[in-house]
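Please read the structure below before turning to the comments.
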Protein chains: 2
Amino acid sequence: MRWSEIDQQTCSVARALSEIGDRWTLLLIRDAFLRARRFDDFVERSGAARNVVANRLEKLVASGILERRAYQTRPERHEYRLTEKGRDLYPVIMTLVAWGDRWHDDGAGPPVRHQHRGCGKRMHAVVACSECREALDPRETRVTVRKER
Amino acid sequence: MRWSEIDQQTCSVARALSEIGDRWTLLLIRDAFLRARRFDDFVERSGAARNVVANRLEKLVASGILERRAYQTRPERHEYRLTEKGRDLYPVIMTLVAWGDRWHDDGAGPPVRHQHRGCGKRMHAVVACSECREALDPRETRVTVRKER
DNA sequence: AGGGTCAGTTTCATTTTGCAACTTATTAGT
DNA sequence: ACTAATAAGTTGCAAAATGAAACTGACCCT
């Protein structure tokens, strides 16, 4: 199976990864959450090659994760902003941050600290059940596969 | 910057992606959560080429996300199991599932349904503050970058 | 002896990257 | 007018990664 066909798997992870699962894409989305807007912002912050950034931004716009809008004419210049679909990747980024903080601590503590405005405390992201808000554990989840027609 | 150097960024997302951010890796981890254990399980379920699976499993073992252990001798055969570090990726997978379910619905509903044993309801994963359990929103989070030495 | 299983490895063509230089449109400075 | 600078890409090309299929090696079963 080619990578370009993984969205044909009957699996939401595969479908998600078909849009955001390649080498630089999630890093660009991270930068978008950190308020990168312009092409050169993304190039500098992500560290990816210019042609790769151009290609990925184009794909992200095509899949509706970023929006490309003119911020000036003469010369025409565009910026990239997260759409609702893109902002909805916040949980993915935050769980990655939490995992990276836990397992890639270089001894100096996490590179970035997160404070929750609601309760004022330092925190990290955990996943919870949408219904009862209890922390989610693999053993506490029952998975049912939909029948194929 | 080459992909092989992104773990040098002072960013937990970058460090996390240096281990799990390439084309097939997260799909293999998904399969591990779905109880794939043997080499051919991973090949069949992921859809990746055998050499790619071999290479990725080796890397996942090297980074401590999977553990390779013999399940028989004569002939020696090994299986791959998630370590604690690997199981700790559950939140990442579940938020990807939730995003895929929401944005890649093919009209027939999500491929897999998740029921929380605790409360008995159908649910999806949300991210919450580790301290107060309130749902997390980008606007409700304050980010402080650690000073570089 | 012949066939099957499992866990890879090898080979080779095709794709994808990474880097640097180049382009285009326009403004700012001298 | 000439020169530089800025922003947002594009182009060319070498190096690396992927993908498909065939092959290997150790063993078991009949």
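Residue numbering restarts at 1 for every chain, and letters A, B, ... go by the order of the sequence lines. Since the structure is predicted, the reported quantities are computational estimates derived from the model, not experimental observations.
- Heavy-atom neighbours of A:R117 CZ from other residues, nucleotides or ligands within 6.0 Å: above the threshold of 12.
- At least one donor-acceptor pair closer than 3.5 Å links the side chain of A:D41 to the backbone N or O of A:R38.
- First and last contacting nucleotides of DNA chain C toward chain B (any atom under 4.0 angstrom from a heavy atom, 5' to 3' order): C:dT5 to C:dC19.
- One finds a salt bridge joining A:E5 and A:R2 here, because a Lys/Arg side-chain nitrogen approaches an Asp/Glu carboxylate oxygen to under 4.0 Å.
- Dashed line: the shortest gap from a side-chain N or O of B:W3 to OP1 or OP2 of D:dA17 is not under 4.0 Å.
- In this structure, the CG atom of B:D22 is 10 Å from the C1' atom of D:dA17, given to the nearest Å.
- Ion pairing of A:D106 with B:R146 is present here, as a side-chain N (NZ or NE/NH1/NH2) and a carboxylate O approach within less than 4.0 Å.
- Residues meeting the side chain to side chain contact (heavy atoms under 4.5 Å, CB included) test with A:E44, sequence neighbours left out: A:D40.
- Remark: the B:Y90 side chain and the A:T141 side chain contain an N/O donor-acceptor pair separated by less than 3.5 Å.
- Checked by atom type, the side-chain pair B:W3/B:D22 shows no donor-acceptor distance below 3.5 Å.
- Scanning for side chain to side chain contact (heavy atoms under 4.5 Å, CB included) contacts around A:R69 gives A:E67, A:E79, A:R81, with sequence neighbours left out.
- Salt bridge A:E84/B:R102: present, at least one basic N to carboxylate O contact under 4.0 Å.
- Annotation: proximity of residues 59-81 of chain B to DNA chain D (heavy atom, distance under 4.0 Å) is found for B:R74, B:P75, B:R77, numbered in ascending order.
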- Item | Under 4.0 Å protein heavy-atom contacts per nucleotide of nucleotides 10-16 of chain D, with B for base, S for backbone only and - for none | BBB----
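- The distance from atom CZ of A:R56 to atom P of D:dG9 is 15 Å, rounded to the nearest whole Å.
- Every residue two or more places apart in sequence or in another chain that forms a side chain to side chain contact (heavy atoms under 4.5 Å, CB included) with A:K59 is listed here: A:N55.
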